[in-house]
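Heads up: the structure comes next, in structure tokens.
Lettering of chains follows the sequences in order, A, B, ..., and the numbering in each one begins at 1.
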Amino acid sequence: MSVLLPLSVVVPLVAATLLMAASRAWNRRGYDVFAIAAAGSVLVICIVLLFNSTREPMVYWFGDWSPKDGVALGVSFVAEPIALTLATLAAFLVTASLVYSWHFFDTVGNLFHVLMLVFLGAMIGFCLTGDLFTLFVFFELMSVTAFSLAGYKIEEEGSLQGSLNFAVTNSIGAFLILSGIALLYGRTGALNLAQIGESLAGGPADGLVITAFVFLIAGYFVKAAVVPFHFWLPDTYASAPTPVCVLFAGILSELGLYAIARVYWTMFDGVFGAGLVNLRAVMVGTGAVTAIVGAVMCWPQRHIKRLLAFSTVSHVGMFLVGVGLFSPVALAGTVVYLVTDGLVKGSLFFCAGILLHRLSSVDELGCDGLGRDIPYTGILFLLGGLGLAGLPPFGTFVGKAIIEEEAAHLGYSWVTYLVVAASVLTAAPVLRAGARVFWGYGPGDAYGHHSEAEGDEGEPETSEARDITPPLMWVTAAALLGVSLVAGMIPDLSIRLEPAADFFLDRGAYADLVLRGVTPHEVPLPPGAPLLKGAVIGLITALAAVFAAAMGLWHAKLPASMKGIIAKGLGPPFGRLRALHSGHVGDYVAWLTVGVAVLGGLLAATIG
Amino acid sequence: MSLRGRRNLFALGVLGFSVLFLWGLNGLPAFGHYEGVYGITLNRVAVTQRHATNLVAAVTFDYRGFDTLGEEFILFAAVVGVAILLRAQRDEAATPDEEDEETKDESRDAPHTSDAVRVLGLALIGPTVLFGLYIVAHGHLTPGGGFQGGVVLATAALLVYLTGEYVALRRVSPESVTELAESVGAGGYAAIGFIGLLTGQAFLTNVLPLGMTGQLNSSGTILLINLAVGVGVAGGFSLILAEFLEQTLLVREREHG
Amino acid sequence: MDLLHGLVLVFVAIGGTAVVLTRDPLAQSIVVSFYGILLGILFFVFQAPDVALSQIVVGAVALPMMILLALAKAKAEEE
Amino acid sequence: MSFLPFAVAAWLFAVGLYGIVTSRHLIHLVVCLSVVQSSTYVLLLAIGYRTGASAPIFVEIPPGAPAVDPVVQALTLTDVVVAATVSALLLAMAVQVHKKAGTFDPDELDTLQG
């Protein structure tokens, strides 16, 4: 069984090199079949490991270098259910994206498939590792592969500029992380997460520890796109190829947050334990700001992929609230939310890809009513919008309900309002765009002006006939949505994750397992709680989103006084916020620096 | 944002950033007095455990070999990325029916070089290749190894270009060869990892005979991995250089032809 | 901490600053080559010959070369 | 004085960021990014240094003799080479942006606003 652990990473990597070596020897279908088979087998490996790890977490030492006297000489993988849930999601999304790409754009020979497989190996390695520097290496590997994938459509200026902004900001994030690692290595003389945690726990929470922590989380915030480190994300997502967007929105940002939870609970919990209340306030506050900024920016977008990108920012904010509550219940809820939301958003991006295929555009206004011929895609799109809102039984409502409840329990009862507001503001524009594009609802000049179409892409991503939608395209979109729906109907889903979350948060048990090979004792399942309240909130959110979408479509019919209030009250701050998203990489780096300084200041004041 | 606004924002940010950074650095052990348990343990046990005199190589390719596998794939992914980004001009210049024709390459003008440079360059190619191979092969004994030696080997390919033998280079090492080297390097590293699995031990376990400390044929898989990395790095850097050169050459070709 | 360390460190700091302040990329490629050598020397006095070797082949040769090639390519296209 | 190596690392990080923020040329910007990266090398190697110890290469010194930390060197060594390929990737992006937009100046690139 343990042999599957290295294979989960090595299989996709080796498959990528084989594909690369076979260049020109095979044809396109050969690459497709081979890549799908490789990703699919990784998915199976991940599922087997996941089920196995719920019975007993496992440690694997590369090169057989198991620790001597608590000193780790080599690199370890730690198989536990939370990490493996994310790894499984990654494998599932990569497989789906490769299937979706069957009819998709003309790839440059095999290079697209090669990169997708390397990306998969990178994500799984990132999830499973128990070593701080390996975490950095696989972070870099994910990043570099993502830069290349983002810039894949070189015929577009926006795509190139987006990937350059992406690469510069994320590289700086990586250097911050490496500096943080250097500080921790200087203090503890270790790179193993558990060993660093044990070493730090005996020392003070001084400047070095706080700085290292700030550098690490700032780096992961860049990847997760937390405000004000988020500017690169909409630029990149709007212009990257659709199958790549699915991975970026569905798993890449989420992995940044996973890393924050991982490094906190394995290394910093002991030394920061006393300041946890303050740390929680900082994290929940940052998450709330991110959720709001993303949601507010989402509304005025007419480029559908950019719209979905800002909704990703908003949802990342909500995940951060969940992770930042620092409790096992909230973590379990966040994992459920994150997985189901990733699937829904993936499905929405797939639908946007179908639009691109059929109409060569994802401009909401430019495509007004043009999607009438593809009503089934329209239905999928609208269902996806409702899934974002958290309409039961989409799994999203379960996760949100648990985060809300746990937040209230910890004294953050306003989180419920935040989650509802952000959900409405991100789901409504999706519904609005869907209703307009697929059914032609609403007047054409909704914004009272005709600017040039924003969603036109220089070249379509597909070369096949545009009068039909290849079945594999909508089947994958439907499959993602279906899995999210089914997940919501599994009773007590998050309760089942709670023992795993308990272990995730137990620094002592983790260190015992990694450094001394002591298996954690089993935790009984907590009693299941009915989610009736959450279901009602989900229903209300969905209804409110439908109502807001209708307002967006027919806002010309609102009374003049109300329009005046909206224009005067919201216009200027809106405009200022939009202007900050300038597309200028220098601006982004300046904000990144400010973000590090502010985070450092906040934590120094509250923990130090 | 205006340049001024950006400068002001950055000035604020970098002030806070620097204070934070210096505050953190202040907590480090004084320069020259580091006593980290990881490094000290390795310095004590590694030579006997691994029969490698260059401990840095032992750490890179054995104790932390999995990290290096990841690094090797970063290189791999970056090279693929460069190939994707710079592919456009090739498509523009080559019409479908002439893509694979070797004869077409003859028309590509290499830059004019004086005879003196040419002779010097040609004379340097051999020693450069030898030097690169030496650095790769002695990585486990003395400073050097696959990463450094690989770059040196790639500069040998560049020398060929500088001496105006680019056309020859394209015939000797067309792109598919560098691509193959790139995949063999990265894939070979992973394959060496499988040797451990086959003998029932962990991935990347150094199961080969360790040999006599200090001899070329020692330290087991470290030497093999060094060779794989050398091939991968040399292939990767040559591919990058070739892609950039291809671009300049094609432009020149369009101008003259 | 002896004089040699201090001297090389100061040179590296100046070198890095010079790279940033050289706004013309063509000139910058030469400055960055010198900076690569300075870093190589620093790593050597830090008793890290492996890293020094890496830094010199990459920082002093490969990186400047790639900058020049990128510039040449962009320039050739403009004409 | 013994703080100097660490201060130099911090300086390189900050000055590289300054170059990126104020850059008017994408290639210049990519090179500034490599200056930021060199800060991490200086930091790592400075941390692992031990006064009077030799390099961790036991050819002329016996095993067990005082040597500097080999781990930080291993971390840096691979990164130096890999970073160069990443720089190449960024340079290729800059070249392509220039090809599409006709400029290297980030101030003149405006396709991604709002």
Side-chain angles (χ1 to χ4, degrees), chain B residues 3 6-7 10 13-14 17-18 21-22 25-26 28-36 38-40 42-44 46-48 53-60 63-64 67-68 71-72 74-75 78-79 81-82 85-86 88 141-143 145 147-148 150-151 213-214 233 236-237 240 243-244 247, chain D residues 1-7 9-11 13-15 17-18 20-22 24 43 46-53 55-60 62-93 95-96 99 107:
Chain B
L3 180 62
R6 184 157 61 241
R7 264 177 202 266
F10 175 73
V14 83
F17 169 84
S18 306
F21 203 173
L22 292 174
L25 292 168
N26 197 35
L28 285 170
F31 178 70
H33 297 274
Y34 183 67
E35 295 289 335
Y38 198 173
I40 293 205
L42 286 175
N43 275 341
R44 207 178 53 234
V47 176
T48 20
T53 50
N54 182 357
L55 267 201
V56 181
V59 176
T60 310
Y63 292 96
R64 303 192 62 81
D67 279 352
T68 314
E71 298 270 8
E72 175 72 23
I74 298 178
L75 190 135
V79 171
V82 173
L85 278 164
L86 298 184
L141 301 173
T142 49
F147 281 98
Q148 299 96 327
V151 184
T213 306
V233 171
F237 271 82
I240 288 175
E243 292 287 354
F244 273 110
Q247 299 247 305
Chain D
M1 183 66 174
S2 73
F3 194 66
L4 184 66
F6 304 137
W11 170 257
F13 205 121
V15 85
L17 285 181
Y18 168 79
I20 293 170
V21 169
T22 58
R24 300 292 302 271
L43 177 57
I47 285 173
Y49 183 73
R50 291 171 75 194
T51 309
I57 292 157
F58 294 89
V59 176
E60 273 155 32
V68 303
D69 189 285
V71 180
V72 287
Q73 298 194 12
L75 306 186
T76 324
L77 158 73
T78 52
D79 215 36
V80 169
V81 177
V82 168
T85 58
V86 177
S87 293
L89 183 62
L90 284 156
L91 287 172
M93 283 178 190
V95 164
Q96 289 295 358
K99 183 173 178 249
D107 287 351

Practice prompt. Given side chain to side chain contact (heavy atoms under 4.5 Å, CB included), test Arg50(D) with Ile40(B) step by step and report yes or no.
Written response: CA-CA 11 Å; Arg50(D) 291 171 75 194; Ile40(B) 293 205; 4.2 Å; yes
Worksheet item: By a 4.5 Å heavy-atom criterion (distance strictly below it), what part of Leu17(D) contacts chain B: side chain, backbone, both, or neither?
Response: both
Worksheet item: Can any side-chain N or O of Asn43(B) pair as donor or acceptor with the backbone N or O of Ala67(D) at less than 3.5 Å?
Response: yes
Worksheet item: Contact part of Val56(B) toward chain D, heavy-atom cut-off under 4.5 Å: side chain, backbone, both or neither?
Response: both
Item to complete: List in chain and number order the residues that pass side-chain hydrogen bond (donor to acceptor under 3.5 Å, both in side chains) with Asp107(D), two or more places apart in sequence or in another chain; answer none if no residue qualifies.
Response: His584(A), Arg6(B), Arg24(D)
Response to the item:
Ala14(D) and Val14(B) have their tightest heavy-atom pair at CB-CG2, 3.9 Å
Discussion item. Please give me the minimum heavy-atom distance between Leu25(B) and Ala10(D), naming the atom from each residue.
Written reply: CD1-CB, 3.9 Å
Discussion item. I'd like to verify something: which residue of Arg7(B), His33(B), Arg44(B) has the highest number of heavy-atom pairs under 4.5 Å with chain D?
Written reply: Arg7(B)
Practice prompt. Considering non-hydrogen atoms only, spot the tightest contact between Val59(B) and Val71(D) and give its length.
Written response: CG1-CA, 4.3 Å
Item to complete: Give the C-alpha distance, both sets of side-chain angles, the deciding distance and a yes or no for side chain to side chain contact (heavy atoms under 4.5 Å, CB included) between Val82(D) and Glu72(B).
Response: CA-CA 8 Å; Val82(D) 168; Glu72(B) 175 72 23; over 6 Å; no
Worksheet item: Considering only heavy atoms, which portion of Val72(D) lies under 4.5 Å from any heavy atom of chain B: side chain, backbone, both, or neither?
Response: neither
Fill in: Contact origin within Pro143(B) toward chain D - heavy atom pairs under 4.5 Å
both
Practice prompt. Identify which part of Leu22(B) has an atom lying under 4.5 Å from any heavy atom of chain D, answering side chain, backbone, both or neither.
Written response: both
Item to complete: Please report the closest heavy-atom contact between Ala78(B) and Leu89(D), naming both atoms and the distance.
Response: O-CD1, 3.9 Å
Discussion item. I want to know whether Phe21(B) and Phe6(D) have ring centres closer than 6.0 Å.
Written reply: no
Worksheet item: Who wins among Asp67(B), Thr68(B), Val82(B), Thr142(B) for the most heavy-atom pairs under 4.5 Å with chain D?
Response: Val82(B)
Worksheet, complete the sentence: If one checks every heavy atom of Leu90(D) against chain B at 4.5 Å, the contacting part turns out to be neither
Fill in: Which portion of Phe237(B) sits near chain D, non-hydrogen atoms under 4.5 angstrom
side chain
Worksheet item: Which bit of Phe147(B) comes within less than 4.5 Å of chain D, counting heavy atoms only: side chain, backbone, both or neither?
Response: both
Discussion item. Go through it in stages, so that I can follow the logic: the residues are Val81(D) and Glu71(B), the test is side chain to side chain contact (heavy atoms under 4.5 Å, CB included), and I'd like the CA-CA distance, side-chain angles, deciding distance and then a yes or no.
Written reply: CA-CA 9 Å; Val81(D) 177; Glu71(B) 298 270 8; over 6 Å; no
Worksheet entry | For Thr60(B) against Ala74(D), the heavy-atom pair lying closest together | OG1-CB, 3.3 Å
Discussion item. Determine whether Phe58(D) and Asn54(B) satisfy the following criterion, side chain to side chain contact (heavy atoms under 4.5 Å, CB included), listing intermediate values before the conclusion.
Written reply: CA-CA 6 Å; Phe58(D) 294 89; Asn54(B) 182 357; over 6 Å; no
Discussion item. Restricting to non-hydrogen atoms, name the atom on Ile74(B) and the atom on Val86(D) that form the minimum distance, rounded to 0.1 Å.
Written reply: CG2-CG2, 4.3 Å
Discussion item. To the closest 0.5 Å, what do you measure between CG (Leu55(B)) and CD (Gln73(D))?
Written reply: 9.5 Å
Worksheet, complete the sentence: Bottom line for Leu75(B): the part with an atom under 4.5 Å from chain D's heavy atoms is both
Fill in: Between Thr48(B), Ile240(B), Leu28(B), Val233(B), the one whose heavy-atom pairs under 4.5 Å with chain D are most numerous
Leu28(B)
Practice prompt. Could you tell me if the ring centre of Phe31(B) sits under 6.0 Å from that of Tyr49(D)?
Written response: yes
